[in-house]
Amino acid sequence: MAKRAFNFYAGPATLPTKVLERAQESMLDYNGTGMSVMELSHRSKDYDAIHMDAIALVREHMGLGDDYKVLYVGGGASSQFYMIPTNLKNGGPLEYVNTGVWSTKAIKEGKLFGDVNVVASSEENKFKHIPKDIQFSDNAAYAHITGNNTIYGTEFFDWPKPPSNVPLVCDMSSHLMDRKIDFKQFGVIYAGAQKNLGPAGVTMIVVREDLVERVDQEKTPTMMKWKTHADKDSLFNTPPAWPIYICKLALEYMKEIGGIEEVERRNREKANMLYNAIDASDGYYVGHAEKDSRSLMNVTFNLPTPELEAKCIAEGVAKGLVGIKGYRTVGGMRASIYNAMPVEGVRALVEHMAEFKDNNPV
Ligand SMILES: *Cc1c(COP(=O)(O)O)cnc(C)c1O
């Protein structure tokens, strides 16, 4: 058996071993075709079945009907930062909530397309919390939020309610399907696959049917219109077929283990273990996020000194715990405990933290 690390990297991130094993089994011969999925024509019957399953499984897990289009495209979540204004601008202000680095990047792109209102921000508080009582304008083109802030470790739990004609747009790159929520409250959901779904190379977009029609059909480049991809089920051009295949395997696996409810149960168990370890450490480990905004996915914290942090990271690596270093501009520690991180991984990390604290008193 291959030796697997407990991978706490923020992205690309850990995938279920079962999913990788299944991909391995079909590597040379998918379904008796004598070809790898990487080699299949994207117009073939075998690929089409994979592709349509990958779409249907997203609707199933999220409890969405046919009035939502599920798209799989390239370009990363970052490309949606310009795709959103391209497809949704309507003369009204482009409205955003700024909860961290990724929101800031989305805002920067929005400004290329129109007047941007940042209606709420936690920047002055070092992005330690999610703002409350957020209000959007009646004439806004859209209301954009970053559902989970990968770098700071904060997550939305109370969803803002924009006026009914203003679509709520959510970057779910780092918490896609981490818990059961009403996905129908969103007009657009998008996520780079490599954090919480599959491998890098594909971005999933869920967009309400009516919203693909808003784009200026004549003046917008073909590939920049969601409508182009929606009308052809993301087969207008060659899709990232292999990453989509792995997403399909991951979505199937998620169904086998009990769907989004079981994923949520595990995620809460993992996050509780880690936050309890921080809170019970007498201030040795200090969480970055305020308690009511703590992410289920990215747990950020500091040790008493940067030297101790470096030592704790290095000793963790020796125990097979990799990727617990914080983001380069934030420092400290971050454990990303996405859907595919096993409970055993978090248990091992919590044990490491307890041992480290005992061996390195301040
Ligand atoms: C990682 C991340 C992105 C960027 O994703 P790419 O696919 O690399 O473009 C955007 N938003 C959030 C919240 C992320 O965590």
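When a ligand or atom number is given, it counts from 1 through the structure's own listing order. These figures come from a predicted structure and were not determined experimentally.
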Quiz item: Quick one: do the Asp178 and Asn267 side chains pair a donor with an acceptor below 3.5 Å?
Solution: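 There is no such pair between these side chains.
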Quiz item: With a 3.5 Å cut-off and no angle check, do the side chains of Ser173 and Asp171 form a donor-acceptor pair?
Solution: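 Present: a donor and an acceptor within the cut-off.
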Atoms of ligand 1 less than 4.0 Å from [X] heavy atoms?
X      : value
Asn148 : 13 (C)
Gly76  : 7 (O), 9 (O)
Thr146 : 13 (C)

Exercise. Give the contacting part of Lys195 toward ligand 1: side chain, backbone, both or neither, where contact means a heavy-atom distance below 4.0 Å.
Key: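 Contact part for Lys195 vs ligand 1: side chain (C-beta onward).
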Practice problem: Determine whether the side chain, the backbone, both or neither of Asn149 has a heavy atom under 4.0 Å from any heavy atom of ligand 1. | Solution: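 Within the 4.0 Å criterion, Asn149 makes no contact with ligand 1.
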Look up atom [atom1] in [X] and atom [atom2] in [Y], then write down how far apart they are to the nearest 0.5 Å.
X      : Y      : atom1 : atom2 : value
Met341 : Tyr9   : CE    : OH    : 12.0 Å
Leu251 : Met204 : CG    : CE    : 8.5 Å
Trp102 : Thr150 : CH2   : OG1   : 7.0 Å

Nearest protein heavy-atom contact for [atom]: which residue, which atom, what distance?
atom                    : answer
atom 9 (O) of ligand 1  : Ser78 OG, 2.6 Å
atom 8 (O) of ligand 1  : Gln194 NE2, 3.3 Å
atom 11 (N) of ligand 1 : Asp171 OD2, 2.6 Å
atom 5 (O) of ligand 1  : Ala77 CB, 3.5 Å

Might you confirm whether atom [atom1] of [X] has over 12 heavy atoms from other residues, nucleotides or ligands at distances under 6.0 Å?
X      : atom1 : result
Lys225 : NZ    : yes
Glu261 : CD    : yes
Asn272 : CG    : yes

Quiz item: Within less than 4.0 angstrom of ligand 1, does Ile151 place any heavy atom?
Solution: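 It does not, in that no heavy atom of Ile151 comes within the 4.0 Å cut-off of ligand 1.
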Quiz item: So, is Gly192 polar-close to ligand 1, with some N/O to N/O distance under 3.5 Å?
Solution: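 No.
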Exercise. Would you check whether Thr150 has a nitrogen or oxygen atom less than 3.5 angstrom from a nitrogen or oxygen atom of ligand 1?
Key: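 For ligand 1, there is an N or O atom that lies under 3.5 Å from one belonging to Thr150.
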